[in-house]
Amino acid sequence: MSISGIKGMNDVLPDAVGVWQFLERSAREVFGTYGFAEIRTPVLEKTELFCRSIGETTDIVEKEMYTFADKSGNSMTLRPEGTAPVMRSIIQNRLAAQDPVAKLFYIGPMFRYERPQKGRYRQFYQIGVEAIGVEDPKIDAQILMMLHHFFNRIGINAVSLEINSLGCPACRPDYRRQLIQYLEQRLEPLCSECQRRYQTNPLRVLDCKVESCRAATTDAPAVVEHLCGECDQHFSQVRHYLDLLKVPYTVNVRMVRGLDYYVRTTFELVTDQLGSQNAVAAGGRYDGLIESLGGPALPGIGFAIGLERLVLMLDQDVVSTAAPELFIAALGDAAVEQAFILMSQLQVQGVRADMDFQGKSLKAQMRRADKLGAVHTLIIGDDELRSGQAQLKKMADGSQTSVRLDALLDLLT
Ligand code: ATP
Ligand code: MG
């Protein structure tokens, strides 16, 4: 019996990879414009890193992590998200000592032990962005502008930006207490999950998808109404700058994020095109996170985009595969050898060239050229070798031109 892959972990096949490359290329291009540099961290980290940053009572740490002991008995975890590893790297490599303002992005796989379904996998890819060292609300607006810009660039418009503020360690504890009190009066209609977590993670009850939980908490106190002066000011500035930059958004006072480290600005980019997996990107501020991981007291803000969800939303035709510009069909040993040399020379010069390697008939070689979507074909036989001339056929209209073999390179480059 053949061995299959792991449930919830998918192959990206050659036919589909063009869309992925397009998304990655677009991200590099757009984020680069805003001065963000790429960072790559390992997929494996010490378990402690995620427990300490994401929070012990979050869904991710409670039940979604791929955690195992390595051969020395150390607890390792496949990264479930990208922010904590990037912060770990900033601290470890003292990046902030060189420049306290860092703008970084990453592209790579994340791992969560979730129930696989459309748009939700156990290995999935994120494109993430982190801006470190700036508390100014202009950077919040810039990050959101960049997210907006990226979605425009890739041609996905069916998304809307929802923002909220979660307050800070000065104002949230008081709000949290009030919310717990409020929930205590209404425990019965809540789902078992919310009944369990309303004391440890009361904010999460607010964005529970279960209808009875939503219905029971429609008039719950909102964080934005309990912000301290500074957070209130910060949030109104963020909205002001978003308005100035003409980035469309709505304030969703019920939106909370599933990770403990978020403070102040939080946001999600949602769509109605993916069923219940409605978030295509999400993020927020995490002032205090770097310090809590043993680094300098630097503020930060970032987001992560789920790549699979973008691929599901994008028309698969957006990007074509790399069809050859020239397919060389050859007949006879000498011609095949000459074609092989010619093809290799063209490839070195950056021309996408291809030929047959299976000793096929001329007719079969032409069929293959067609199947690959070659732009041109060139037929070489003994006559062509002797004269140094061959017919270059344009596949789109069948038109032919006579070309000198030694001038082919100039013609195609
Ligand atoms: P969700 O509410 O869909 O579970 P989340 O809040 O857990 O999302 P984040 O941790 O904020 O997600 O990750 C950012 C983005 O990564 C999400 O908006 C989504 O697009 C994507 N994402 C998260 N989990 C998965 C997954 N298991 N499979 C595919 N994409 C995912
Ligand atoms: Mg989740």
Side-chain angles (χ1 to χ4, degrees), residues 26-38 82-83 86-87 90 96 99-106 126-154 156-168 170-172 222-225 227-257 259 261-271 279-290 298-306:
S26 306
R28 290 194 165 94
E29 198 182 286
V30 173
F31 301 162
T33 312
Y34 293 76
F36 284 72
E38 185 170 349
T83 302
V86 171
M87 298 312 125
I90 288 175
D99 185 351
V101 178
K103 293 181 178 183
L104 304 167
F105 74 91
Y106 57 83
Q126 284 185 339
I127 301 183
V129 158
E130 317 289 355
I132 310 301
V134 185
E135 204 179 338
D136 190 317
K138 282 202 279 300
I139 204 81
D140 303 47
Q142 193 190 30
I143 287 269
L144 290 168
M145 169 79 201
M146 193 167 85
L147 184 62
H148 178 68
H149 181 167
F150 174 72
F151 274 77
N152 274 341
R153 168 76 181 77
I154 61 173
I156 294 184
N157 302 311
V159 286
S160 48
L161 174 65
E162 299 187 348
I163 66 169
N164 194 16
S165 175
L166 292 184
C168 71
C171 49
R172 195 156 60 196
V223 207
V224 285
E225 282 149 22
L227 298 177
C228 61
E230 282 176 33
C231 285
D232 193 42
Q233 168 79 2
H234 194 272
F235 192 44
S236 66
Q237 289 282 303
V238 172
R239 284 173 292 161
H240 170 66
Y241 290 124
L242 286 176
D243 294 338
L244 284 185
L245 298 179
K246 298 193 167 51
V247 176
Y249 67 90
T250 52
V251 175
N252 175 359
V253 299
R254 294 181 68 98
M255 193 244 302
V256 305
R257 304 283 310 125
L259 296 82
Y261 54 62
Y262 284 124
V263 294
R264 292 191 169 174
T265 318
T266 47
F267 50 91
E268 278 185 359
L269 204 60
V270 295
T271 177
V280 289
R285 245 188 199 283
Y286 45 78
D287 308 347
L289 173 61
I290 300 180
L298 289 170
I301 178 168
F303 62 72
I305 306 169

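Residue indices begin at 1 and follow the sequence shown.
- Atom OG of residue S26 and atom CZ of residue F31 lie 9.5 Å apart, to the nearest 0.5 angstrom.
- The six-membered or imidazole ring of F105 lies away from that of F36, with a centre-to-centre distance of 6.0 Å or more.
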Inset, instruction - Please assess Y241 against D140 for the test side-chain contact (heavy atoms from CB on, under 4.5 Å), listing each intermediate value before the final yes or no. - result: CA-CA 9 Å; Y241 290 124; D140 303 47; over 6 Å; no
Inset, instruction - Applying side-chain contact (heavy atoms from CB on, under 4.5 Å), run through I127 and F303 and close with a yes or a no. - result: CA-CA 8 Å; I127 301 183; F303 62 72; over 6 Å; no
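- The shortest distance between side-chain heavy atoms of V129 and L104 does not fall below 4.5 Å.
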Inset, instruction - Give the C-alpha distance, both sets of side-chain angles, the deciding distance and a yes or no for side-chain contact (heavy atoms from CB on, under 4.5 Å) between Y106 and Q126. - result: CA-CA 8 Å; Y106 57 83; Q126 284 185 339; 4.0 Å; yes
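- Closest approach of G133 to V101, counting heavy atoms only: O-CG2, 4.3 Å.
- Listed here is the closest heavy atom pair of V238 and A141: O-CB, 4.4 Å.
- Using a 4.5 Å heavy-atom cutoff, the side chains of K138 and M145 are not in contact.
- Using a 4.5 Å heavy-atom threshold, the side chains of R172 and V263 count as touching.
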Inset, instruction - Applying side-chain contact (heavy atoms from CB on, under 4.5 Å), run through R264 and I301 and close with a yes or a no. - result: CA-CA 10 Å; R264 292 191 169 174; I301 178 168; over 6 Å; no
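- N252 has its side chain out of reach of V270: every pair of non-hydrogen atoms, C-beta onward, lies at least 4.5 Å apart.
- The heavy-atom pair separating E268 from A282 by the smallest distance is CG-CB, 3.8 Å.
- Contact record, Q237 with P137: CB-CG, 3.4 Å, taken as the closest heavy-atom pair.
- Applying the side-chain contact (heavy atoms from CB on, under 4.5 Å) test to P299 and every residue at least two apart in sequence or in another chain returns E135, R285, D287.
- In this structure, the side chain of T266 does not engage the main chain of V256 through any donor-acceptor pair within 3.5 Å.
- The minimum heavy-atom distance between P248 and K246, with the atom names listed, is CD-O, 3.4 Å.
- M146 places none of its side-chain heavy atoms less than 4.5 Å from the side chain of K103.
- A distance of 6.5 Å separates CD in E29 from OG1 in T33, rounded to the nearest 0.5 Å.
- Rounding to the nearest 0.5 angstrom, the gap separating the CD atom in E225 from the CG atom in D232 is 10.5 Å.
- You'll find the side chain of H234 stays beyond 4.5 Å of the side chain of L227, heavy atoms only.
- Here the CD1-CZ distance, from I143 to F267, works out to 6.5 Å after rounding to the nearest 0.5 Å.
- Here the NE2-CG distance, from H149 to L245, works out to 12.5 Å after rounding to the nearest 0.5 Å.
- The side-chain contact (heavy atoms from CB on, under 4.5 Å) test with F151 is passed by exactly one of N157, T271, V159, V30: V159.
- Interatomic distance, CD1 of I90 versus CG of L298, reported as 8.0 Å (0.5 Å rounding).
- The environment of CD in E38 is crowded: more than 12 heavy-atom neighbours from other residues, nucleotides or ligands sit within 6.0 Å.
- Side-chain contact between Y249 and H148: absent, with no pair of heavy atoms (C-beta onward) separated by less than 4.5 Å.
- Contact detail for V223 and S165: the closest heavy-atom pair is CB-O, 3.5 Å.
- For the pair I132/V86, no side-chain contact is recorded, criterion being any heavy-atom separation below 4.5 Å from C-beta on.
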